[in-house]
Visitor: 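What follows is a structure written as structure tokens; I'll ask about it next.
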Amino acid sequence: MSPSRRTAARSVRMFGLVSASAALVLGISGTALATDPLGIGQFSAAASCDGSKGVITVTSTDATATPAVVTVFLQNNNADLRRIGEPTPVKGSAEGVAVTFAENWAPGAKYRVHIKSGNDLDADIPILEAPAKACTGADDTPTTPSASSTPSTTPSGTASTPAAAPGEPTRSAAESDSTVPAASASNAPSPAAQESNLAETGASSRTGLIVGIAAVLVVVGGGAVFFGMRRKGTGNR
């Protein structure tokens, strides 16, 4: 075999060996990527608004759909203040699967999002900070009643006393009360007037006494006339 043929044969063998090695490496890498355990980089979180209410959304882009549990905590001075809702399971996908936690977050509030997946993953995603503007809605705007410009029409229980003119002595409350005019006389007749009218018409209780006295005077007068005429007749005889 000539030297040129030997060189060509060696080159073909080296090329085949390199190609086989590359295919093996690529195959191993593909298998590793397909079975790569869940990573914290496959999760993300965001604070947003659902209408006038705040929510925290955690999204998993794990293409292997490995089950995981998401837990959210409100933080204060780098310490957990309280848990938001309940731990929520999630199975991701290449397109992303989201789980939502209801939370009326305050502007700038910070949250810790923890991901747990068996023994493969037990870590936090980077601290989530809420937006600088809170969620607002028409129903959340307080309505403060404005002061009415119309004065009250309810009369006061006590009439105001006009101020005295300069140089005029101030009248005391007692003097003011004493000068109140007396109530006008009623048109109904008084009991005395009723009794006087009854006497004039003969309906008084003294009518019988007057009649009796008049009868006595009539009898006395008649007796005087009778005795006078009798004496006169005796004198003529």
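Just the heavy atoms: all of them, side chains too, but no hydrogens, waters or symmetry mates, feed the values below. Treat the numbers as computed from the prediction; the structure is a model and nothing was measured.
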Visitor: Could you please spell out the steps behind the side chain to side chain contact (heavy atoms under 4.5 Å, CB included) verdict for His114 and Asp122?
Guide: CA-CA 7 Å; His114 184 76; Asp122 190 359; 2.4 Å; yes
Visitor: State the CG-CD1 distance between Asn78 and Ile127, to the nearest 0.5 angstrom.
Guide: 7.5 Å
Visitor: Using a 3.5 Å distance criterion without hydrogens, assess whether the side chain of Trp105 forms a donor-acceptor pair with backbone atoms of Ser48.
Guide: yes
Visitor: Show me the pairs that pass salt bridge (charged side-chain N to carboxylate O under 4.0 Å, His left out) and involve residues 102-115, at least two apart or across chains.
Guide: Asp80-Arg112, Arg82-Glu103, Arg112-Asp124
Visitor: Do Lys91 side-chain atoms and Ser93 backbone N/O form a donor-acceptor pair below 3.5 Å?
Guide: no
Visitor: Kindly say whether Gln42 contributes a backbone atom to a donor-acceptor pair with the side chain of Thr61 at under 3.5 angstrom?
Guide: yes
Visitor: So do the side chains of Lys53 and Asn104 get within less than 4.5 Å of each other, counting heavy atoms only?
Guide: yes
Visitor: Tell me the closest heavy-atom pair linking Ala132 and Pro107, and the distance in Å.
Guide: O-CB, 3.2 Å
Visitor: Which residue pairs pass the salt bridge (charged side-chain N to carboxylate O under 4.0 Å, His left out) test when at least one of the two sits in residues 217-228, sequence neighbours left out?
Guide: none
Visitor: Check the pair Thr100 / Ile56 against side chain to side chain contact (heavy atoms under 4.5 Å, CB included), numbers first and verdict last.
Guide: CA-CA 6 Å; Thr100 302; Ile56 293 177; over 6 Å; no
Visitor: So do the side chains of Phe101 and Val58 get within less than 4.5 Å of each other, counting heavy atoms only?
Guide: yes
Visitor: With a 4.5 Å limit on heavy-atom distance, are the side chains of Thr59 and Val97 in contact?
Guide: no
Visitor: Counting N and O atoms only, with roles assigned by atom type, does the side chain of Thr71 sit under 3.5 Å from a partner on the main chain of Val69, one being a donor and the other an acceptor?
Guide: no
Visitor: If I compare all heavy atoms of Cys135 with all of Ser52, which pair ends up nearest, and what's the gap?
Guide: CB-O, 3.7 Å
Visitor: Which distance, rounded to the nearest 0.5 Å, do you find between the CD1 of Ile40 and the CD1 of Ile125?
Guide: 6.5 Å
Visitor: Regarding Asp62 and Ser60, is there a side-chain donor-to-acceptor distance under 3.5 Å anywhere?
Guide: no
Visitor: Could you report the tightest heavy-atom contact between Ser117 and Thr66, atom names first, then the distance?
Guide: OG-CG2, 3.5 Å
Visitor: Shortest non-hydrogen contact from Ala45 to Leu128?
Guide: O-CD1, 3.8 Å
Visitor: How close do Ala130 and Ala47 get, counting heavy atoms only, and between which atoms?
Guide: CA-CB, 4.1 Å
Visitor: Of all heavy-atom pairs between Ala102 and Val55, which one has the smallest distance, and what is that distance?
Guide: CA-CG1, 4.4 Å
Visitor: Checking side chain to side chain contact (heavy atoms under 4.5 Å, CB included) for the pair Phe73/Val113: CA distance, chi angles, key distance, verdict?
Guide: CA-CA 6 Å; Phe73 300 91; Val113 181; over 6 Å; no
Visitor: Answer yes or no: is there a side-chain heavy-atom contact under 4.5 Å between Ile84 and Tyr111?
Guide: yes
